Undergrad: 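Got a structure for you, written out below as structure tokens; questions coming shortly.
What you see is a predicted model; the values in this text were computed from it and never measured.
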Amino acid sequence: MASAWWPCLILALLSSLAASGFPRSPIRLLGKRSLPEGVANGIEVYSTKINSKVTSRFAHNVVTTRAINRADTAKEVSFDVELPKTAFITNFTLTIDGVTYPGNVKEKEVAKKQYEKAVSQGKTAGLVKASGRKLEKFTVSVTVAAGSKVTFELTYEELLKRHKGKYEMYLKVQPKQLVKHFEIEVDIFEPQGISMLDAEASFITNDLLGSALTKSFSGKKGHVSFKPSLDQQRSCPTCTDSLLNGDFTITYDVNRESPGNVQIVNGYFVHFFAPQGLPVVPKNVAFVIDISGSMAGRKLEQTKEALLRILEDMKEEDYLNFILFSGDVSTWKEHLVQATPENLQEARTFVKSMEDKGMTNINDGLLRGISMLNKAREEHRIPERSTSIVIMLTDGDANVGESRPEKIQENVRNAIGGKFPLYNLGFGNNLNYNFLENMALENHGFARRIYEDSDADLQLQGFYEEVANPLLTGVEMEYPENAILDLTQNTYQHFYDGSEIVVAGRLVDEDMNSFKADVKGHGATNDLTFTEEVTTGKITLWNRAMPSTFSWLDTVTVTQDGLSMMINRKNMVVSFGDGVTFVVVLHQVWKKHPVHRDFLGFYVVDSHRMSAQTHGLLGQFFQPFDFKVSDIRPGSDPTKPDATLVVKNHQLIVTRGSQKDYRKDASIGTKVVCWFVHNNGEGLIDGVHTDYIVPNLF
């Protein structure tokens, strides 16, 4: 799984807690006392908090558990956290009676060796192991003296992926006892704006969940809070054990006014791409199914049930075939056939008749399916604008024919030749999952383990739904040459409906004002190009201590506390209730200009609403004042005459020119004729121009 390549999945506390004399026996004796509710084996876990902050799909999670030894003797306290398999640990600390012991996060293989060594020496160490479908478990134990307090704090991070139109944040809740202060707090910030937000728990009824759960979202911010009381945690009204044992899942999605969104922070960029509303590209599917003897019984029955549901979802524009492998290989049809109603009915009959037999010849089964797809393309049996995929399901390792994993990988890689993806489904645990995963990844697909539970057929169907609706093929994300470093994967064979492509990189020039990102792909009817113009300029609106950040390319309206702000493609209109309105325009100039730089134009739409006490570089002119222009004469530029301006008892030389007035048209402005005062406005403004220059605005 993805965890194999994350570097921070094993953590060992090698701070020699035992060697330094850390107590493994009581350091003080306590008299007998009644134990408070929620104490198990003398240990009271009195606080568990999960605090998550999600920004642009990236989740930063801190799990903090506090416990006290209420017993009269030293006790072992365990800290278990189940993490998503795509997450990585960034920090762990253990605090005992105010003394903090930091952990060392190590590479997986290095950490495993250090963990085993630490345990053999009696030191405290933690290890991450696989735990269930979506999780891995981090476990650490420490001996705590009587009356002592211990705090465990684990920090982990993950990039949330989009599946079926939603981002999913998955938290495992399993405190194992009643906890006086239990809470989950999640804050989400998405610059594109949040379109939906939901939360649900598998371990509690909706009635109870509703009173313990609060969720809200507005604009770019979302918030979820889950704080069950002690009574709400009980498995029954008089029980002392907890019902909090299951999954707490948060799902949300963002607004998509355009197919892509590029965000720039501290010299790095991330490009999110998820177009909507495109027609589905027809697909050609080779289902390569293991029917060896080990598939007998419930596994084969569930496979049949899943395939029958999948056939219901096939579109008439699609093509398909079934390749069955055991000791040998057989097929439903000699070549791919269209998913017409008649063919689908025949396919259902075939699926229902599948029987287990023999051994497992993965190599020949896959090569037959791949050959069938290649031949269909060469013989023009399938639509030119269609895409091919191989879906292989097996529950064991190859044991007949070519059985060497590395050779099977080589054969499959050469046969596919990069033309289409391979998706491998591993049914159960008695197989070489790493082999299936590696083979899928090097052929632009992925692997998925199907767990031997009552819902295995739904797991299979759920996988198919992820790849059932390709909207684009041959997707290429292009960026300016020589402007980007450390680019992540930027070519994809498919974009599937409800998913998202994410590309990140580093800007060569951190001061780059803007750049263009192009996404090219083949659609169902024509080739498509999506262009996203990116600017690094930001607009930050502060509401007390809470900032909201926008791009100059946003189209958004914000109203709060009597203030209205509207951004519309490089201009911003700010209004204060019934008072004055300002227009701020981002003026951009040629990036390589030797002198000029991008600047903000600040325009007052209705200056008569300003107070007579208003001053400043602009404010001093908001109220009427006397002036006279005379003696108009040719200037140094024949197109720009000079004149004499008498104002504030000063006689000044001015030059005629033109400027944009944005009061009536905030988008493009209106060209107006005006007189320009020389020498930084000397004689026109009060004081000198340097009086109005400040180091910053706040």
Side-chain angles (χ1 to χ4, degrees), residues 163-165 274-289 302-324 330-354 365-366 368-393 416 419-423 425 444-445 448 457-475 492-499 521-528:
H163 293 290
K164 302 179 184 179
Q276 300 181 107
L278 299 177
V280 175
V281 177
K283 59 186 178 297
N284 318 302
V285 188
F287 294 97
V288 182
I289 308 297
Q302 289 178 315
T303 299
K304 291 180 182 181
E305 291 169 11
L307 290 175
L308 291 173
R309 289 196 182 97
I310 288 171
L311 288 172
E312 295 295 327
D313 293 334
M314 296 289 286
K315 299 175 177 61
E316 190 161 354
E317 299 79 16
D318 297 336
Y319 284 70
L320 76 153
N321 203 349
F322 293 102
I323 297 89
L324 310 182
S330 62
T331 62
W332 170 46
K333 298 289 187 180
E334 288 300 313
H335 52 75
L336 293 178
V337 298
Q338 189 174 356
T340 62
E342 297 77 16
N343 285 337
L344 288 178
Q345 184 56 44
E346 189 178 340
R348 294 185 190 98
T349 301
F350 175 80
V351 167
K352 292 176 183 177
S353 69
M354 292 189 325
L366 278 172
R368 180 75 66 86
I370 294 166
S371 173
M372 193 172 291
L373 290 173
N374 284 332
K375 191 174 181 180
R377 180 70 68 186
E378 294 165 3
E379 296 178 352
H380 306 289
R381 291 180 176 273
I382 53 180
E384 182 178 350
R385 282 194 175 273
S386 63
T387 186
S388 300
I389 61 176
V390 180
I391 298 176
M392 193 267 284
L393 169 70
I416 291 180
K419 296 186 290 293
F420 44 79
L422 165 67
Y423 298 102
L425 304 178
H444 307 290
R448 182 71 51 79
D457 55 328
L458 298 180
Q459 296 176 53
L460 288 166
Q461 185 184 8
F463 155 78
Y464 176 77
E465 289 173 353
E466 291 183 39
V467 300
N469 296 305
L471 301 185
L472 291 172
T473 64
V475 181
Y492 293 83
Q493 285 204 336
H494 292 99
F495 169 77
Y496 294 106
D497 190 24
S499 66
H522 309 298
T525 57
N526 60 331
D527 292 346
L528 300 169

Undergrad: Do H335 and K375 have side-chain heavy atoms sitting under 4.5 Å apart?
TA: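 H335 does not reach K375 side chain to side chain.
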Undergrad: With sequence neighbours left out, write down each residue that passes salt bridge (charged side-chain N to carboxylate O under 4.0 Å, His left out) with E465, or none if nothing qualifies.
TA: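 With neighbours one apart ignored, the set is K164.
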Undergrad: Hey, mind stepping through E466 and R448 against side-chain contact (heavy atoms from CB on, under 4.5 Å) and telling me if it holds?
TA: CA-CA 12 Å; E466 291 183 39; R448 182 71 51 79; 3.1 Å; yes
Undergrad: Which atom names give the shortest non-hydrogen contact between A274 and S499, and what distance separates them?
TA: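 Residues A274 and S499, closest heavy atoms: CB-O, 3.6 Å.
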Undergrad: Would you indicate whether the side-chain heavy atoms of H163 and Y496 approach each other to under 4.5 Å?
TA: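 Sidechains of H163 and Y496: no contact.
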Undergrad: Are the side chains of K419 and L373 in touch, meaning some heavy atoms are under 4.5 Å apart?
TA: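 No, their side chains stay 4.5 Å or more apart.
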Undergrad: To the nearest 0.5 Å, how far apart are CG in L366 and CE in M392?
TA: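 Reported to 0.5 Å precision, the distance equals 4.5 Å.
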Undergrad: Sequence neighbours left out, what passes ring pair (Phe, Tyr, Trp, His ring centres under 6.0 Å) with Y423? Give chain and number order.
TA: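 F446, F463.
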Undergrad: Using the ring of each side chain (for Trp, its six-membered ring), is F322 parallel, tilted or perpendicular to F287, with breaks at 30° and 60°?
TA: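 Ring orientation, 0 to 90° scale: parallel.
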Undergrad: Assess whether side-chain contact (heavy atoms from CB on, under 4.5 Å) is satisfied between L460 and L425, documenting all intermediate values.
TA: CA-CA 8 Å; L460 288 166; L425 304 178; 3.6 Å; yes
Undergrad: With side chains defined as the heavy atoms from C-beta onward, is the minimum distance between V390 and I370 less than 4.5 Å?
TA: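 In contact.
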Undergrad: List for me each residue that meets side chain to side chain contact (heavy atoms under 4.5 Å, CB included) alongside D457, sequence neighbours excluded, and say none if there are none.
TA: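 In terms of side chain to side chain contact (heavy atoms under 4.5 Å, CB included), with neighbours along the sequence ignored, D457 is linked to Q302, E305, A306, R309.
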Undergrad: Suppose we screen for side-chain hydrogen bond (donor to acceptor under 3.5 Å, both in side chains). Which residues come up paired with S388, at least two apart in sequence or across chains?
TA: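 For S388, the residues satisfying side-chain hydrogen bond (donor to acceptor under 3.5 Å, both in side chains) (neighbours in sequence not counted) are N284.
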Undergrad: With heavy-atom distances below 4.5 Å as the criterion, would you say the side chains of L471 and V281 are in contact?
TA: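 No, side chains not in contact.
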Undergrad: Going by the rule side-chain hydrogen bond (donor to acceptor under 3.5 Å, both in side chains), which residues pair with D527 if we only count those two or more places apart in sequence or in a different chain?
TA: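 side-chain hydrogen bond (donor to acceptor under 3.5 Å, both in side chains) check on D527 returns R385, H522.
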Undergrad: Quick one: closest heavy-atom pair of L472 and P275, and the distance?
TA: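 Smallest heavy-atom distance, with atoms named: CD1-CG, 4.2 Å.
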Undergrad: Can you name the side-chain hydrogen bond (donor to acceptor under 3.5 Å, both in side chains) partners of D318, sequence neighbours left out?
TA: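 For D318 the side-chain hydrogen bond (donor to acceptor under 3.5 Å, both in side chains) partners, ignoring immediate neighbours, are K283.
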Undergrad: Taking atom CD as the centre, does E384 end up with more than 12 heavy-atom neighbours from other residues, nucleotides or ligands that are less than 6.0 angstrom away?
TA: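 No - once you tally the heavy atoms of other residues, nucleotides and ligands closer than 6.0 Å, there are 12 at most.
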Undergrad: With rounding to the nearest 0.5 angstrom, report the CG to CG distance, D313 to L308.
TA: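 Result: 11.5 Å between the selected atoms.
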Undergrad: Quick one: are M354 and L307 in side-chain contact, heavy atoms under 4.5 Å?
TA: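 Sidechains of L307 and M354: in contact.
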Undergrad: Just to verify, what does T387 make a side-chain hydrogen bond (donor to acceptor under 3.5 Å, both in side chains) with, not counting sequence neighbours?
TA: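 Expected list: H494.
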Undergrad: Suppose we screen for side chain to side chain contact (heavy atoms under 4.5 Å, CB included). Which residues come up paired with A376, at least two apart in sequence or across chains?
TA: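 Applying side chain to side chain contact (heavy atoms under 4.5 Å, CB included) to A376 gives L336, R381, I382.
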Undergrad: Decide side-chain contact (heavy atoms from CB on, under 4.5 Å) for Q493 and I389; before the verdict, give the C-alpha distance in whole Å, the side-chain angles of both, and the deciding distance to 0.1 Å.
TA: CA-CA 10 Å; Q493 285 204 336; I389 61 176; over 6 Å; no
Undergrad: If we only count heavy atoms from C-beta on, is the I310 to V285 side-chain gap below 4.5 Å?
TA: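 No, their side chains stay 4.5 Å or more apart.
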Undergrad: Could you give all pairs that pass the salt bridge (charged side-chain N to carboxylate O under 4.0 Å, His left out) test and reach residues 342-352, with sequence neighbours left out?
TA: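 Sorted result for residues 342-352: E312-R348, K333-E346.
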Undergrad: With rounding to the nearest 0.5 Å, note down the distance linking CG in N343 to OH in Y319.
TA: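 Going from the CG atom of N343 to the OH atom of Y319 covers 9.5 Å.
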Undergrad: Should L324 and W332 count as side-chain neighbours, where that means a heavy-atom distance under 4.5 Å?
TA: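 No, their side chains stay 4.5 Å or more apart.
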